[in-house]
A.B. asks: 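First the structure, then my questions, so here it is.
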Amino acid sequence: MKARAYVNFALIKYWGKKDEKLRLPFQASLSFTIDKLFTDTKVTVNKKLIKDKITINGISDERLNKRVIQHLNLIRSKYNIKDYVEVTSVNNVPTSAGLASSASSFAALTLAATKAFNLNLSKEELSRLSRYASGSASRSIFGNFAIWDVGDDKTSIARPIDINWPEFKIIVLMIDKSKKPASSTDAMKESVENKLLYDEWVKQSKIDLDKMLIALNNKDIKSVGEIAEKNANHMHDLIESTGITYKTKESLKAIDKIHELRTKGVLAYYTMDAGPNIKIITIDSEVNKIVDYFNEYETIVCSKGKDAHIVLN
Ligand code: DP6
């Protein structure tokens, strides 16, 4: 069974867990699932296997395989399944460069594996299962805009939000395809320990989320961009208070150029995750101006992606 799930970028970030094992967040997050970056994962039950056989992007890497096996074990134990599987996963996303490849990977794995085991789960259950593997994966079950709510094991899942805004775009600036300096899981943990700053983050992100929902409903790109930018900067300030930084010289240069563009009247705003690449938040009418201005970088212009789904070849 082959499934495809798309990458999502958070406009209001998830940063920090109140329960590490269940991956329950301290605050709700809001994301946009895009069309251009995705993961295809094929899972086949093979009764002859005595352990899972995993290939990710053409190779079998012990460290990457471990997280996949852990997730398969969780699904097997939850639904009382004994079979081992063959997993072949292909990302059209550079792994670990802050392009949220764990989100699309684990959402695709969850859908493909549960289908291969003949489980027909609801999107809510798929979102919950994906969350156990990687928090942001809970949101990649849904296309377009989604909110991942705070709550307990049952209620902390993603849900789609009904905003139809085809002009909304995210442009990925490929600054660096190398691996990030610290995993988001580890950096998050350190951030939560910085209690004073962390509590402030939780408080402010709730305010940001409410404002973001109003701005999205109004299709007000200026407000959406400003709120997202402020939220991302807040998260990065928090991360930097632990001594970790995901910003490189090149990221800072690109951020300066986005400010420059705005002084020229272009509606361009940025967000950044646990890696050096920059995502520019904008609308259709501005795309060409932005791509031209950043002609020294590889750019990927993204529209809304679909829900995770089964692909038939
Ligand atoms: C900065 O979902 O990768 O992209 O739950 O530990 O696997 P784990 O973390 P992960 O964190 C993503 C953090 C982020 C912001 C976001 O996507 O909301």
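Each ligand, and each atom within it, is numbered from 1 in the order the structure gives.
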A.B. asks: Would one find an N or O of Gly135, backbone or side chain, under 3.5 Å from an N or O of ligand 1?
C.D. replies: yes
A.B. asks: Strictly by modelled atom types, are Thr41 and Lys2 linked by a side-chain donor-acceptor pair under 3.5 Å?
C.D. replies: no
A.B. asks: Any donor-acceptor pair under 3.5 Å linking the side chain of Glu286 with the backbone of Leu267?
C.D. replies: yes
A.B. asks: Quick one about Asn80 and Lys82 (side-chain donor to acceptor, distance below 3.5 Å, no hydrogens or angles considered), yes or no?
C.D. replies: yes
A.B. asks: Below 4.0 Å, non-hydrogen atoms only: which portion of Ser134 touches ligand 1? Side chain, backbone, both or neither.
C.D. replies: both
A.B. asks: Please state which option from Arg67, Arg139, His236, Gln27 has its nearest heavy atom closest to atom 17 (O) of ligand 1.
C.D. replies: Arg139
A.B. asks: State, yes or no, whether a side-chain contact exists between Leu37 and Ser104 at a heavy-atom distance under 4.5 Å.
C.D. replies: no
A.B. asks: Pull out every atom of ligand 1 sitting under 4.0 Å from any heavy atom of Ala10, numbered as shown with elements.
C.D. replies: 16 (C), 17 (O), 18 (O)
A.B. asks: Would you kindly specify which portion of Trp15 sits under 4.0 Å from ligand 1, judged on non-hydrogen atoms: side chain, backbone, both or neither?
C.D. replies: side chain
A.B. asks: For Ser101 and Asn91, does a side-chain donor sit closer than 3.5 Å to a side-chain acceptor?
C.D. replies: no
A.B. asks: May I ask you to check whether Tyr6 and Phe38 place their ring centres under 6.0 Å from each other?
C.D. replies: yes
A.B. asks: Determine whether the side chain, the backbone, both or neither of Ser136 has a heavy atom under 4.0 Å from any heavy atom of ligand 1.
C.D. replies: both
A.B. asks: Pull out every atom of ligand 1 sitting under 4.0 Å from any heavy atom of Lys17, numbered as shown with elements.
C.D. replies: 5 (O), 6 (O), 8 (P)
A.B. asks: With atoms numbered from 1 as shown, which atoms in ligand 1 lie under 4.0 angstrom from a non-hydrogen atom of Ser102?
C.D. replies: 3 (O)
A.B. asks: Does the plane of the ring in Phe32 sit parallel, tilted or perpendicular to the ring in Phe145? Use 30° and 60° as the thresholds.
C.D. replies: tilted
A.B. asks: For ligand 1, which atoms sit closer than 4.0 Å to a heavy atom of Asp273?
C.D. replies: 1 (C), 4 (O), 14 (C), 15 (C)
A.B. asks: Going by distance only, is there an N or O of Ser184 that falls short of 3.5 Å from an N or O of ligand 1?
C.D. replies: yes
A.B. asks: Lys13 heavy atoms, cut-off 4.0 Å: which ligand 1 atoms fall inside?
C.D. replies: 15 (C), 18 (O)
A.B. asks: Regarding Ser251 and Thr248, do their side chains bring together a donor and an acceptor under 3.5 Å, going by distance alone?
C.D. replies: yes
A.B. asks: With heavy atoms only and a cut-off of under 4.0 Å, state how Glu20 meets ligand 1: side chain, backbone, both or neither.
C.D. replies: neither
A.B. asks: Output yes when the distance from some N or O of ligand 1 to some N or O of Thr185 is under 3.5 Å, and no in every other case.
C.D. replies: yes
A.B. asks: Kindly confirm or rule out an N or O of Arg23 lying under 3.5 angstrom from an N or O of ligand 1.
C.D. replies: yes
A.B. asks: Does the side chain of Thr155 come under 3.5 Å of the side chain of Asp152 through a donor N or O and an acceptor N or O?
C.D. replies: yes
